[in-house]
Amino acid sequence: MDNLQEKEQLKTGNGNYSANNIQALEGLEAVRKRPGMYIGSTDTKGLHHLVWEVVDNSIDEHLAGYCSQIDLVIHKENSITVKDNGRGIPTGMHAKLQKSALEVVMTVLHAGGKFDKDTYKVSGGLHGVGVSCVNALSSYLRAEVHREGKVFVQEYAQGKPQTQVDVVGEADDNGTTVTFQPDPEIFEALVYNYDTLAHRLKELSYLNKGLTLQLTDEREKDENGNFKTEEFFSEGGLKEFVEFLDAGKQRLIENPIHVSGKEDNVEVEVAMHYNTSFKENIYSFVNNINTREGGTHVNGFRRAVNRVFSKYAEENGMFKKLKFKVSGEDFREGLTAIVSVKVPEPQFKGQTKGELGNSEVTGIVSRAVGEILGHYLEENPIAARKIIDKVILAATARHAARKAREMVQRKNVLTGGGLPGKLADCSSKNPDESELFLVEGDSAGGTAKQGRDRKFQAILPLRGKILNVEKALEHKIYENEEIKNIFTALGVRIEEDEVGGRKLNIEKLRYHKVVIMCDADVDGSHITTLILTFFFRYMLKLVENGYIYIAAPPLYMVKKGKQFRYCWNEEERIEAIAAYSKGKEAADSGVKVQRYKGLGEMNAEQLWTTTMDPDARILRQVSIEDAMEADRVFSMLMGDEVPPRRAFIEANAKYANVDI
């Protein structure tokens with residue numbers, strides 16, 4: 001068939017391709033059909049994303065100077081109400097669409113005041129799909145606006161208006177109240193997590209000093225019969241934020257260094273603090289959005305820190321005795337910083353807004369930070385000396401760590417793989433199906449070796465408690481036998497770039513499931529926490545990729561005659577005893593309960609059946625929803641400072657499983 005005939009066929013019959021073939025999903029149907037494109041997912045993360053879309057609108061009112069209070073309520077049926085005292089969404093007639101502006105905002109994608117520079121100078125939700133998306137993905141939504149002395153209300157179902165915009169009363173205040181019920185047809189999870197909401201509101205209070213945010217949970221009451229309520233307010237803003245994050249760490253300087261500046265309508269605010277830890281923690285925000293991948297604002301901050309400290313140290317002859325070069329990483333070891341910028345027209349890389357792309361912001365942040373930091377060092381010579389001494393220690397430790405790391409990694413190459421002698425490897429060479437069990441103790445390790453499936457399960461016994469990496473210098477970590485064994489068994493390497501930055505190379509990772517298997521007692525929990533601290537600090541990529549798991553061995557075996565049942569919690573134990581005793585006292589009915597304190601109390605078959613068999617076991621995948629909070633908790637639990645840890649233990653004592 002020639003080209004002419006092909007073209008003719010396309011014009012007729014089944015080959016016809018015309019405007020009628022183009023499908024346009026009207027209104028909010030596109031959102032309901034592909035919710036993941038707009039809110040990321042339909043799991044618990046997407047569920048909470050709905051709340052942030054509504055709260056962000058209220059925050060924008062605060063940034064514009066019109067809102068001082070935001071109330072968030074979780075109702076009994078897991079519906080949400082967000083109320084603010086801003087100007088209220090306009091309700092007048094939209095000239096082009098001939099609908100109320102409220103209905104336009106609630107039902108039309110890419111509609112809102114954020115695209116008008118005169119309405120909002122800066123805004124987080126610049127895609128303009130926020131609140132209309134929430135409407136589309138809610139089985140019910142009610143918008144109430146107090147404006148111009150009146151109360152306006154409109155209700156929706158799955159994004160479609162059920163009423164006109166009605167005036168239902170008079171108002172002597174201004175503001176918007178949005179109540180919505182997430183649609184069970186869309187979401188896999190429908191229960192809101194109080195801690196997730198509370199943590200984000202606390203974060204927003206620091207980022208927006210002077211704004212009061214209140215969270216109320218109507219699903220839970222206190223001893224006085226009042227709903228669980230928490231209020232978040234920060235007068236110090238980022239300075240308070242950085243002190244909160246560093247509460248579990250030992251301070252190097254007394255007070256945070258604070259930077260505030262404005263250039264070309266870009267507002268810059270930075271709070272930075274030095275502690276005695278060995279890690280850099282920089283958290284960045286653009287228009288209140290957490291930019292987890294950093295971007296040009298973080299580049300500008302790092303450039304200023306490197307430049308100013310390097311210049312100060314060189315001019316004062318502080319690096320004279322060093323025999324090797326100080327890298328950018330060394331200046332930032334032990335640094336906790338919050339970098340927040342307000343940009344009128346931010347350009348983000350990626351749909352998730354994870355990285356800022358505006359090139360002009362690099363110079364603006366670098367100049368603002370550089371100027372204040374230079375003055376600080378000149379005016380505070382004692383603090384400056386402490387920081388530079390820390391930099392010299394970091395450079396020395398990095399040099400020693402590189403040698404220790406090279407020794408571990410070179411040994412592997414010279415010995416042809418150099419797998420640890422204790423490792424009982426699997427026969428499969430496919431990482432996707434291979435599993436590595438890190439087992440507490442040689443005894444349990446021996447049992448696990450007997451009970452495993454040799455085809456895809458490898459066993460590495462760990463002797464005692466591994467090193468607490470939170471308190472150790474990096475070169476000491478590579479000298480620790482258990483940690484060396486983990487590195488070599490996994491086949492991963494830590495590499496250094498030209499500026500001293502370290503990253504984990506997982507190209508030769510040998511297992512895509514790494515399972516921490518420890519005893520179900522206090523010591524076992526401590527060892528699990530030590531191993532997790534190591535993975536979080538030195539192999540974060542494995543956690544982010546979903547490769548780290550925690551095994552859940554049973555706590556009890558309830559037995560009567562030849563019948564037995566494994567139980568993983570107290571409820572299951574009580575249920576099993578009731579089932580076997582048939583109403584009699586357990587002692588009189590021949591029911592016996594065995595409490596498993598350690599993995600070694602099980603034989604190989606029992607360990608396989610309960611903890612290692614893929615068809616029957618329970619594995620808990622380790623994930624990080626909030627890296628900032630994870631860092632704070634690890635520092636508090638495993639660091640040097642005792643008071644924050646004591647406060648945490650006292651606050652959470654009721655959840656503890658105590659071995660008696």
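These numbers come from the heavy atoms of this one structure, side chains and all, not from hydrogens, waters or symmetry mates. In this chain, numbering begins with 1 at the start of the sequence shown. No experiment lies behind these values; they were computed from the predicted model shown.
Remark: Arg292 does not engage Glu544 in a salt bridge, criterion side-chain N to carboxylate O under 4.0 Å. Of the charged side-chain nitrogens involved, at least one lies within less than 4.0 Å of a carboxylate oxygen, so that Arg332 and Glu280 count as a salt-bridged pair. A salt bridge does not link Lys209 with Glu235: every distance from a Lys NZ or Arg NE/NH1/NH2 to an Asp or Glu carboxylate oxygen is 4.0 Å or more. Ion pairing of Glu230 with Lys228 is absent here, as no side-chain N (NZ or NE/NH1/NH2) approaches a carboxylate O to less than 4.0 Å.
Side-chain N or O atoms of Thr291 include none that pairs as donor or acceptor with a backbone N or O of Glu293 at under 3.5 Å. At distances below 3.5 Å, at least one donor-acceptor pair connects side-chain atoms of Asn208 with backbone N or O atoms of Leu204. A donor-acceptor pair under 3.5 Å is formed between the side chain of Asn193 and the backbone N or O of Asp195. Checked by atom type and distance alone, the side chain of His62 never pairs as donor or acceptor with a backbone atom of Ser58 at under 3.5 Å. Side-chain N or O atoms of Ser100 include one that pairs as donor or acceptor with a backbone N or O of Thr91 at under 3.5 Å. Of the possible polar contacts, none joining the Trp568 side chain to the Leu555 backbone as a donor-acceptor pair under 3.5 Å is found. Checking side-chain atoms of Ser260 against main-chain N and O of Glu269 turns up no donor-acceptor pair under 3.5 Å. Asn85 contributes no side-chain N or O that, together with a main-chain N or O of Gly175, makes up a donor-acceptor pair within less than 3.5 Å. No donor-acceptor pair closer than 3.5 Å links the side chain of Asp71 to the backbone N or O of Leu213. Under the 3.5 Å distance criterion, the side-chain polar atoms of Arg34 are left unmatched by any main-chain donor or acceptor of Met37.
For CD of Glu77, the number of neighbouring non-hydrogen atoms (other residues, nucleotides, ligands) closer than 6.0 Å is greater than 12.
Closest approach of Gly46 to Ile39, counting heavy atoms only: O-CD1, 3.9 Å. The shortest non-hydrogen separation linking Leu245 to Ile338 is CD1-CD1, 3.5 Å. Looking at every heavy atom in both residues, Cys133 comes nearest to Val31 through SG-CG1, 3.9 Å. Across every non-hydrogen atom of Ser41 and Lys45, the tightest pair is OG-CB, 3.9 Å. Minimum interatomic distance between Ala136 and Arg32 (heavy atoms only, all atoms of both residues): O-NH1, 2.8 Å.
Here the straight-line distance linking atom CD of Glu203 with atom CG of Asn290 works out to 5.5 Å at 0.5 Å rounding. Here the CG atom belonging to Leu238 is positioned 13.0 Å from the CE atom belonging to Met272, to the nearest 0.5 angstrom. Taken to the nearest 0.5 Å, the CG atom of Asp217 stands 7.0 Å off from the OH atom of Tyr194. To the nearest 0.5 Å, the span separating CG on Asp246 from OG1 on Thr336 amounts to 3.5 Å. Between the CG atom of Asn288 and the CH2 atom of Trp52 there is a distance of 12.0 Å, given to the nearest 0.5 Å. Here the CD1-CD1 distance, from Ile70 to Ile59, works out to 4.0 Å after rounding to the nearest 0.5 Å.
The aromatic rings of Phe534 and Tyr538 lie parallel to each other, with less than 30° between the two planes, well short of the 60° mark. Using cut-offs of 30° and 60° on the angle between ring planes, the pair Tyr192 and Phe180 is perpendicular.
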Begin with the C-alpha distance, continue with both residues' side-chain angles, and end with the deciding distance and a verdict on side chain to side chain contact (heavy atoms under 4.5 Å, CB included) for Phe232 and Gln214. CA-CA 6 Å; Phe232 306 97; Gln214 186 169 292; over 6 Å; no
Item checked: side chain to side chain contact (heavy atoms under 4.5 Å, CB included) evaluation trace for Leu141 with Gln181 -> CA-CA 6 Å; Leu141 185 143; Gln181 178 79 57; over 6 Å; no
Evaluate His146 against Asn174 for side chain to side chain donor-acceptor pair (under 3.5 Å), listing each step before the verdict. CA-CA 5 Å; His146 291 211; Asn174 286 348; over 6 Å; no
field: side chain to side chain contact (heavy atoms under 4.5 Å, CB included) between Met539 and Leu504, worked out
entry: CA-CA 7 Å; Met539 295 191 180; Leu504 188 71; 3.8 Å; yes
| request: List the steps, then state whether side chain to side chain donor-acceptor pair (under 3.5 Å) holds for Thr533 with Glu470. | output: CA-CA 7 Å; Thr533 307; Glu470 194 70 22; 5.7 Å; no
Query raised in the report: Hey, mind stepping through Leu197 and His48 against side chain to side chain contact (heavy atoms under 4.5 Å, CB included) and telling me if it holds?
Result: CA-CA 8 Å; Leu197 297 175; His48 289 80; 3.8 Å; yes
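Within the 4.5 Å cutoff, side-chain heavy atoms of Ile74 are placed close to those of Ile80.
Note that Lys471 lies outside the cation-pi zone of Phe278, set by a 6.0 Å cut-off to the ring centre and a 45° limit from the axis. Relative to the six-membered ring of Tyr274, Lys279 misses at least one condition, a distance below 6.0 Å or an angle of at most 45° to the axis.
Results of the side-chain contact (heavy atoms from CB on, under 4.5 Å) test with Met106 over Val134, Val178, Val165 single out Val178 as the only residue that passes. The side-chain contact (heavy atoms from CB on, under 4.5 Å) test with Phe536 is passed by exactly one of Ile624, Val469, Val622, Leu542: Ile624.
Residues Glu155 and Tyr140 have side chains that bring a donor and an acceptor to within less than 3.5 angstrom of each other. Looking at Tyr556 and Glu570, their side chains do bring a donor and an acceptor atom within 3.5 Å of each other. When only modelled atom types and interatomic distance are considered, His75 and Thr81 share a side-chain donor-acceptor pair under 3.5 Å. Gln69 and Asp84 are not linked by any side-chain donor-acceptor pair at a separation below 3.5 angstrom, with hydrogens and angles left out of the test.
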